Peer 1: 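Here's a structure for you.
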Amino acid sequence: MLEKVGCWSFDIFLFDRLTNGNSLVMLTFDLLSHLGLIDHFHLEMVKLRRFLVMVQEDYHSQNPYHNAVHAADVTQAMYCFLKEPKLAKSFTPWDVLLGLIAAATHDLDHPGVNQSFLIKTNHYLATLYKNTSVLENHHWRSAVGLLRESGLFAHMTLEERLHMETQLGSIILATDISRQNEYLSQFRNYLDKGDLCLDNADHRHFILQMALKCADICNPCRTWGLSKQWSEKVTEEFFYQGDIERKYKLDVSPLCDRQTSNIANIQIGFITYLVEPLFVEWARFSNTRLSQTMLGHVGLNKASWKGMLQERSSSEEAD
């Protein structure tokens, strides 16, 4: 399967079964090796393997969605984006290493509930990060902790290590969906003016942020068979949070109420307001066969969810 790791139709669920639940370790290790990054950065195999195992174990396997398989899926998508001609031509080994590590760790130790839940239950993480990008700050700081504990970059200078940690943070923090419009406006601005210059390290860093944002919410851009499985998993996680909120007499968060929400409506809204606007701009930036394939799947998947809604309302009318 790893021979096809650069294909957009890659089935991460099958890969996870074939690796006995070790998809994140196996996939990330293979990519770093295949891309020559282990040799380039003189990474020790034992330390790298240990780091990746710790990362995989820090994801909560009991979360229906935010688990190590999602992280592996996002890492595979990130690899597909890094292979795109515009990026492959200008990105340095440092950029590629950073992009893959950010993807693998971007949801580390995710509790399976969202930020508003942590805030309204006075969770210690919400206090620690002052109610701002609470989860993303936690994912980043957890990743830094594991990098330091594993000693993966211990042979680099202190300056290089701190630079890696800071950049990792700014890429992971870009996945905060509440700041989506901020990043999208900046992306549009660059594209409208045509002044993105990938020789510029800051511009490459911004594209890494956008690439991770795309990889993080690319489920509706996959084939229907894969996309539908992800939708079922994320809805299960949302409804689980809603059930806890109802049990403890808290306001039930939007999308988390199984009595008023359904999978099709959630997906149609998600695609319309978050996925389509982001991927339309990505296709403007990188107008390739992959971008057109992704937009094609989004359109078909949205139509499938709308079809399911119509069937539901027809059957309800018949009743």
Side-chain angles (χ1 to χ4, degrees), residues 2 5-6 8 24 27-45 47-49 51-52 55 71-72 74-106 108 139-140 143-144 146-148 150-175 183 186-187 189-191 193-216 218 281-288 290-291:
L2 283 170
V5 73
W8 190 246
L24 184 57
L27 184 122
T28 312
F29 191 91
D30 181 79
L31 289 177
L32 295 174
S33 171
H34 167 71
L35 292 166
L37 296 168
I38 297 177
D39 291 341
H40 187 277
F41 289 101
H42 308 295
L43 304 180
E44 285 182 39
M45 293 280 199
K47 285 182 177 176
L48 176 59
R49 179 78 63 175
F51 169 69
L52 293 175
V55 167
V74 170
T75 306
Q76 189 269 338
M78 179 60 112
Y79 172 61
C80 291
F81 299 154
L82 291 169
K83 269 175 56 204
E84 291 283 71
K86 261 191 179 174
L87 284 73
K89 195 172 69 201
S90 53
F91 275 31
T92 65
W94 176 275
D95 299 327
V96 177
L97 178 68
L98 194 57
L100 293 174
I101 289 180
T105 60
H106 83 283
L108 206 50
H139 305 322
W140 167 41
V144 167
L146 293 188
L147 278 175
R148 292 181 181 180
S150 67
L152 183 61
F153 299 138
H155 60 292
M156 294 183 179
T157 66
L158 178 62
E159 193 182 359
E160 284 171 330
R161 291 202 301 275
L162 291 176
H163 187 48
M164 171 67 75
E165 292 175 1
T166 309
Q167 287 202 308
L168 192 62
S170 110
I171 297 170
I172 291 174
L173 285 170
T175 62
Y183 287 95
Q186 199 180 341
F187 199 25
N189 207 9
Y190 275 132
L191 295 170
K193 289 182 179 165
D195 60 2
L196 259 178
C197 170
L198 296 183
D199 293 335
N200 176 327
D202 290 341
H203 287 197
R204 290 198 307 276
H205 185 74
F206 178 70
I207 293 302
L208 271 181
Q209 291 176 312
M210 297 312 295
L212 184 57
K213 285 179 66 53
C214 288
D216 191 26
C218 75
E281 297 307 321
W282 182 264
R284 272 178 74 198
F285 162 67
S286 172
N287 188 9
T288 60
L290 173 60
S291 295

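Fair warning: this is a prediction, and the values are worked out from it, not measured in the lab.
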Peer 1: Quick one: closest heavy-atom pair of Ser286 and Glu84, and the distance?
Peer 2: OG-OE2, 3.4 Å
Peer 1: Can you classify the ring geometry of Trp282 versus Phe81 as parallel (below 30°), tilted (30 to 60°) or perpendicular (above 60°)?
Peer 2: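 Rings of Trp282 and Phe81: tilted, as their planes differ by 30° to 60°.
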Peer 1: Between CZ of Phe29 and CG of Leu24, what distance do you get to the nearest 0.5 Å?
Peer 2: 13.0 Å
Peer 1: Could you walk me through whether Thr92 and Arg204 satisfy the side-chain contact (heavy atoms from CB on, under 4.5 Å) test, starting with their C-alpha distance in whole Å, then the side-chain angles of each, then the deciding distance to 0.1 Å, before giving a yes or no?
Peer 2: CA-CA 9 Å; Thr92 65; Arg204 290 198 307 276; 3.8 Å; yes
Peer 1: Could you tell me whether the side chains of Gln167 and Trp94 share a donor-acceptor contact shorter than 3.5 Å?
Peer 2: yes
Peer 1: Counting distance only, does the side-chain N/O of Thr105 pair as donor-acceptor with the main-chain N or O of Leu108 below 3.5 Å?
Peer 2: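 No; zero donor-acceptor contacts below 3.5 Å.
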Peer 1: Any side-chain heavy atom of Leu43 sitting closer than 4.5 Å to one from Phe153?
Peer 2: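 In contact.
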Peer 1: Are any of the side-chain heavy atoms of Arg49 and Leu52 separated by less than 4.5 Å?
Peer 2: no
Peer 1: If you measure from CG on Leu146 to CZ on Arg148, what distance do you get to the nearest 0.5 Å?
Peer 2: 11.5 Å
Peer 1: Between Glu44 and His155, is any pair of side-chain heavy atoms under 4.5 Å apart?
Peer 2: no
Peer 1: When rounded to the nearest 0.5 angstrom, what is the spacing between CD1 in Ile172 and NE2 in His139?
Peer 2: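 If I round to the nearest 0.5 Å, the distance is 8.5 Å.
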Peer 1: Which heavy-atom pair separates Ile171 from Gln209 by the least distance, and what is that distance?
Peer 2: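 Result for this residue pair: CA-CG, 4.0 Å.
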Peer 1: Would you call Met164 and Leu97 a side-chain contact if the rule is heavy atoms closer than 4.5 Å?
Peer 2: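 When only atoms from C-beta onward are counted, Leu97 and Met164 do touch, with a gap below 4.5 Å.
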Peer 1: Can you tell me how far the CG atom of Leu196 sits from the CG atom of Asn189, to the nearest 0.5 Å?
Peer 2: 10.0 Å
Peer 1: Would you mind reporting whether Ser291 and Arg284 have side-chain heavy atoms less than 4.5 Å apart?
Peer 2: no
Peer 1: Between atom NE2 of His163 and atom CG of Leu168, what is the distance when rounded to the nearest 0.5 Å?
Peer 2: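 Here the interatomic distance stands at 11.5 Å.
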Peer 1: Give a yes-or-no answer on whether the side chains of Asp30 and Ser33 include a donor-acceptor pair shorter than 3.5 Å.
Peer 2: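 Side-chain D/A pair, Asp30 to Ser33: absent.
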Peer 1: State, to 0.1 Å, how close Ala211 and Met78 come at their nearest heavy-atom pair, and which atoms those are.
Peer 2: CB-SD, 3.8 Å
Peer 1: Ignoring hydrogens and geometry, is there a side-chain-to-backbone donor-acceptor pair from Lys213 to Ala174 under 3.5 Å?
Peer 2: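 Present.
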Peer 1: With a 4.5 Å limit on heavy-atom distance, are the side chains of Ile207 and Phe285 in contact?
Peer 2: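 Heavy-atom side-chain distance check passes, below 4.5 Å.
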Peer 1: How close do Trp8 and Cys218 get, counting heavy atoms only, and between which atoms?
Peer 2: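 Shortest heavy-atom separation between Trp8 and Cys218 comes out as CH2-SG, 3.7 Å.
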Peer 1: Does any part of the side chain of Phe91, heavy atoms only, come nearer than 4.5 Å to the side chain of Leu208, both counted from C-beta?
Peer 2: yes
Peer 1: Hey, what do you get for CG (Asp202) to SG (Cys197), rounding to the nearest 0.5 Å?
Peer 2: 11.0 Å
Peer 1: So which of Leu35, Thr28, Leu27 actually passes side chain to side chain contact (heavy atoms under 4.5 Å, CB included) with Tyr79?
Peer 2: Leu35
Peer 1: Could you tell me if the side chain of Leu100 sits less than 4.5 Å from the side chain of Leu37, heavy atoms only?
Peer 2: yes
Peer 1: For the residue pair His205 and Ser170, confirm or rule out a side-chain donor-acceptor distance under 3.5 Å.
Peer 2: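 There is such a pair (donor and acceptor under 3.5 Å, judged by atom type) between the side chains of His205 and Ser170.
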Peer 1: For Asp95 and Ser90, work out which heavy atoms get closest and say how close.
Peer 2: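 Smallest heavy-atom distance, with atoms named: OD2-O, 4.5 Å.
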Peer 1: If I compare all heavy atoms of Leu162 with all of Thr166, which pair ends up nearest, and what's the gap?
Peer 2: O-OG1, 2.7 Å
Peer 1: Centre-to-centre under 6.0 Å for His203 and Tyr190, is that the case here?
Peer 2: yes
